[in-house]
Each structure stands twice: as C-alpha cells, then as structure tokens.
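By convention in this document, chain letters (A, B, ...) are assigned in the order of the sequence lines, proteins followed by strands, and residues within each chain are numbered from 1.
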Number of protein chains: 2
Amino acid sequence: MTYTLAEEDYLKAIYKIAERHGTPVSTSAIAELMQTRPASVTDMLKKLADKELIDYKRYHGVSLTRTGARQATLLIRKHRLWECFLVDKLGFSWDEVHEIAEQLEHIQSDTLIDRLDDYLENPKFDPHGDPIPDASGAYRMRYQILLSDLGLHKPAVLVGVREHASSFLQYLDQNRLALGATLEVVEVLPYDGSVRLRLGDGEPILISGQVARQLYVRQTTESA
Amino acid sequence: MTYTLAEEDYLKAIYKIAERHGTPVSTSAIAELMQTRPASVTDMLKKLADKELIDYKRYHGVSLTRTGARQATLLIRKHRLWECFLVDKLGFSWDEVHEIAEQLEHIQSDTLIDRLDDYLENPKFDPHGDPIPDASGAYRMRYQILLSDLGLHKPAVLVGVREHASSFLQYLDQNRLALGATLEVVEVLPYDGSVRLRLGDGEPILISGQVARQLYVRQTTESA
DNA sequence: TGAAGAATTTAGACGGGGCTAAAGTACAAA
DNA sequence: TTTGTACTTTAGCCCCGTCTAAATTCTTCA
Ligand SMILES: [Mn+2]
Ligand SMILES: [Mn+2]
Ligand SMILES: [Mn+2]
Ligand SMILES: [Mn+2]
C-alpha cells in the first residue's frame, strides 16, 4: 500500500509519457525523463511489475495497471496542490516551485493532502494551468490547443504551458505572458514560423515558433 | 552541505539526548531513541565523524561539533515550524502532527522554511510549547519547572510537555490540560505521589505522579 | 532475407542504511 | 586486583537504487 520515493517517481514518469505519447512507454523514454540509465530503468520495471503496478513484457515497453495509474494520479494531485500552496500562500513564483513540490509530493499522510486541498479551497488548476485530480483521482482535461495551431485573429486566452523549465517560465514572465492573458495572433512569419501576438490591448510582441508550440490556449467565443 | 534523511535524524537524536542527559551521548541511547540496533548506530557514527559533524571516540560516546549542532537545530526549527503550520493552518490537533513533521522537516529548500516562518508570523513556540530556533539557530530556553516540583498553592501556567506520545497528549486533552492553562496544586497524596490540581477555577482533578513529572509549568507571580 | 544498428536487458559492482552473531572493551563488585 | 557483566564494535550479510560493460533482442533496410 505504501511505495518508495523512487517507485512513485517512476510511476509518475510513466504516466506522463503515456499521456503525451501513448502506450506502451519505452525504457529509454523513461530513462531520459528521469535522468537515469536505461539499465536502472529495467531494474525498476521488474520491481514495479512484481508489485502489479505496471504491465511489462521484456523488450516491449510498459503501461500502467489500474492500480499503478491511480497511484500516479494521486502523486500528481499532491504535487500540484503543494505547488498551489507555495505560490498562493508562500508567495513563490511559478518558476520556483517545481523542485520543492517534487519533494513535498512524497510526504505520506492520509489526511494531510485532503486538508491542504480544503485549505486552498479546492483549486482545480495548479500555477502552471495543469488540472488537479480530486481525491478519487478524477480530473477534467482542460480544453486547449497549441498556440502554434491557433488561426489568425482568433481571440484566445493562455491556459497552460507544455514546457515547465524555469528559464522558459521566466521568459514568459518577461514578456507579460501570464496564465489568463488574452491574446490574438496578428501574423505568422513565413520564414521561420515566428508568431506576432497582440497581448490584451498592448503593443504586439514577437515570439518564436518554438515558444508558440509550448503554449496552450483556449479560443474565446467571438460573439458576445 | 546537504545531508541525507538518516544523517539528519541521527544528528537530531544526538542533540536531543545531549540536551536532556548531557554529553557524551552513548550508542545505546541513540539506538533506543531511533528504534535501531546499536550496531547500526556505530556504523552511522563513523560516517558522521568522517564528515566532522560529531566528535567520536570508540567506546566513549559522542558529542556534536559546532557544525553538527547547527545542523540539528536547523532541523528542529523546521520540524517545529511545520508542526505550527499543521495545527494553526490545517487544523490538526497537537497529538497528530509529530509523524508528519518528522517527514516534512527533511524537505530541502533554502527559502521555503524562512517563507513558512513569515507566513506563520514567526512563532516562538510550537504546539507542544517547545521553542523554535530562528534562522541562525538561536532560541531562548523557556522558563520552566516540572509540575511535580511545584509547591502547594503556587499559581502556575502549563507551558510544555516532556512526553510527546499521542496517547499522552490525548490524555491531557481529555483532562482539559492545554498549554496556557492556569493551575495550582491543591494536594499531593503521600501514598503514591498523585497530585490534585485546581485547573482555572473548575473542579479539582487528580493526576498521577507519573503524569506530573511530564508537565512543565511556569509559576505566575503571586502579587498583582 | 539477413545483417547492421538501435534499443533493451543482464551481469557484476558499489554506496547507503539496516540486521545478527561474535568478539572486544570498560567498569563495578568482590 | 581480578573478574563478571553490560556495553560497544566488528564481521559478514541483506535490500534498495544506481552504475558500466557486455550480451541479447528487435527492427529496418539493403
Ligand atoms: Mn518526486
Ligand atoms: Mn505544475
Ligand atoms: Mn525525520
Ligand atoms: Mn513539537
């Protein structure tokens, strides 16, 4: 019923890779995300399979079992709630909280997390716009498309980030790109795919196609 | 500069034993407090000595170096601040927080603890009445004597507990013995040393000598 | 279809932290 | 001063999670 820190982190990694690239999840993908060697991953996969947290067939990658997936979403719930705490209550900025939440998510307590949830008034999204699973592990996907797929002159709002690196988040801060910001694509430069944006009603800014592919937006209804 | 969870817990244990029983601290005392075997303690003592966190001479016990003591007080600071958070913000009771704080105290972040301190408005005592070291590791001992050493009819206030076990704290709750309660010894039964107390201005209650030796009180001035 | 070549697993090792059993040391009582 | 007993350390082992190097399997493409 209770798993080690390493086991939890592996389950989370598998969950995240499966969410983005589908199943089965390869050994090397896990190794890359977790900054370890493939051989180490293989060792852990055997252990997780023994505990029936994953389905594993040698040389063919893994997928989470029902139990494994539930454990992973509970860990993600804890991670995101702690990030909310750090930002909303302690005044950290969104680029500073990931490392700390990476540790806090492993605190073992049946009641702590649910009390924290209530204390934060049951937030539905974390500081990066990612949805927070409820105590049963359920969450709604947020409606989103990549900014790079948004048509010209379609009003939209920034709802999430695909990349979580500090340097990227700081770049967004410097360009006034905060969650909830309203924006509209003014022009896509044909040469390199750079995107010119109007943010709110300010001056247009230019961002690279690279950046545009890391931002999730939701189109706002053009009427009303 | 950064220590493992086990190393931190050992340093804290040595600190606490030294505080209560003086120095040098014996291998077996550490083993008993940490619920491990003396052989395991000896192993760790060698490692801590190599890192110059303790002074260790085979067969003669240990004491903390300046560095070791500083590390221990910082851990205690973290433990007690998290206990305040759990009680004051999340609504836990004082008998539920120790185990959780035992985990939270190991979260590594330069700024987290100082922000938490500010968020809690720099408390000077934790929910058990124990003093909280400041960021430099300094703290004032609270003025205290054991209830078992308090004379008859001397007004006093409950300021701390020597025993932290849940069952003990719950016993106190059931007898309305909360920190800050005013009390006065009405009678000491000669047969077994039980103590009859008047709590505030209620009915006197009877507690065992055993319990009286686990409670710290501060005499309130009889004048004024 | 049959190698390369890439991905994955196995073999063997290591450091951290724990244990038991056996050996060594200190100290108090005779 | 000796000796018995309690305390402490050592020796040897285990599990966890990681690594490198070598072997294996899969896949792709000539
Ligand atoms: Mn983690
Ligand atoms: Mn996040
Ligand atoms: Mn601890
Ligand atoms: Mn406490």
Treating [X] as the side-chain partner and [Y] as the backbone partner, does any N or O pair qualify as donor plus acceptor under 3.5 Å?
X       : Y       : result
R142(A) : G129(A) : yes
K124(B) : N122(B) : yes
T73(A)  : A69(A)  : yes
R115(B) : G91(A)  : yes
S63(B)  : P24(B)  : no
Q144(A) : V159(A) : no
T23(B)  : A18(B)  : no

Go through residues 24-39 of chain B and report each residue with a non-hydrogen atom lying under 4.0 Å from DNA chain D, sorted by number.
-> S26(B), T27(B), S28(B), P38(B), A39(B)
Which residues, if any, of residues 46-61 of chain B bring a heavy atom under 4.0 Å of DNA chain D?
->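 Listed by number, they are K46(B), Y56(B), R58(B), Y59(B).
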Bend angle of the helix from dT1(C)-dA30(D) to dA30(C)-dT1(D), end axes from five pairs each (to 10°) |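 Rounded to the nearest 10 degrees, the bend comes out at 20°.
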Provide the full list of ring pair (Phe, Tyr, Trp, His ring centres under 6.0 Å) pairs with a residue in residues 101-135 of chain B, sequence neighbours left out, each pair given once.
->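 Passing the test, one end in residues 101-135 of chain B: H128(B)-H164(B).
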dG18(C) phosphate, OP1 or OP2, under 4.0 Å from Y10(B) side-chain N/O =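 Yes, because at least one side-chain N or O of Y10(B) sits under 4.0 Å from OP1 or OP2 of dG18(C).
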Within the pair T42(A) and dT9(C), is there a side-chain N or O less than 4.0 Å away from OP1 or OP2?
->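 So the side chain of T42(A) is within the cut-off, an N or O lying under 4.0 Å from OP1 or OP2 of dT9(C).
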Any side-chain heavy atom of Y139(B) within less than 4.5 Å of one from D134(B)?
->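 Side chain of Y139(B) against side chain of D134(B), heavy atoms only: no contact under 4.5 Å found.
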Side-chain heavy-atom pair Y15(A), L64(A) within 4.5 angstrom cut-off = yes
Is R77(B) paired with D117(B) through a side-chain N to carboxylate O contact shorter than 4.0 Å?
-> yes
Side-chain donor-acceptor pair under 3.5 Å between W94(A) and D126(A), yes or no?
-> no
Nearest-Å distance, CG (L45(B)) to P (dT8(D))?
->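 After rounding, the reported distance stands at 10 Å.
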Dump every N/O contact between nucleotides 13-15 of chain C and the protein below 3.5 Å, one line per pair.
none

Pairs in or reaching into residues 4-18 of chain B: which pass salt bridge (Lys or Arg N to Asp or Glu O under 4.0 Å), with residues at least two apart or in two chains?
->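 Qualifying pairs: E7(B)-K51(B), K12(B)-E102(B), K12(B)-E105(B).
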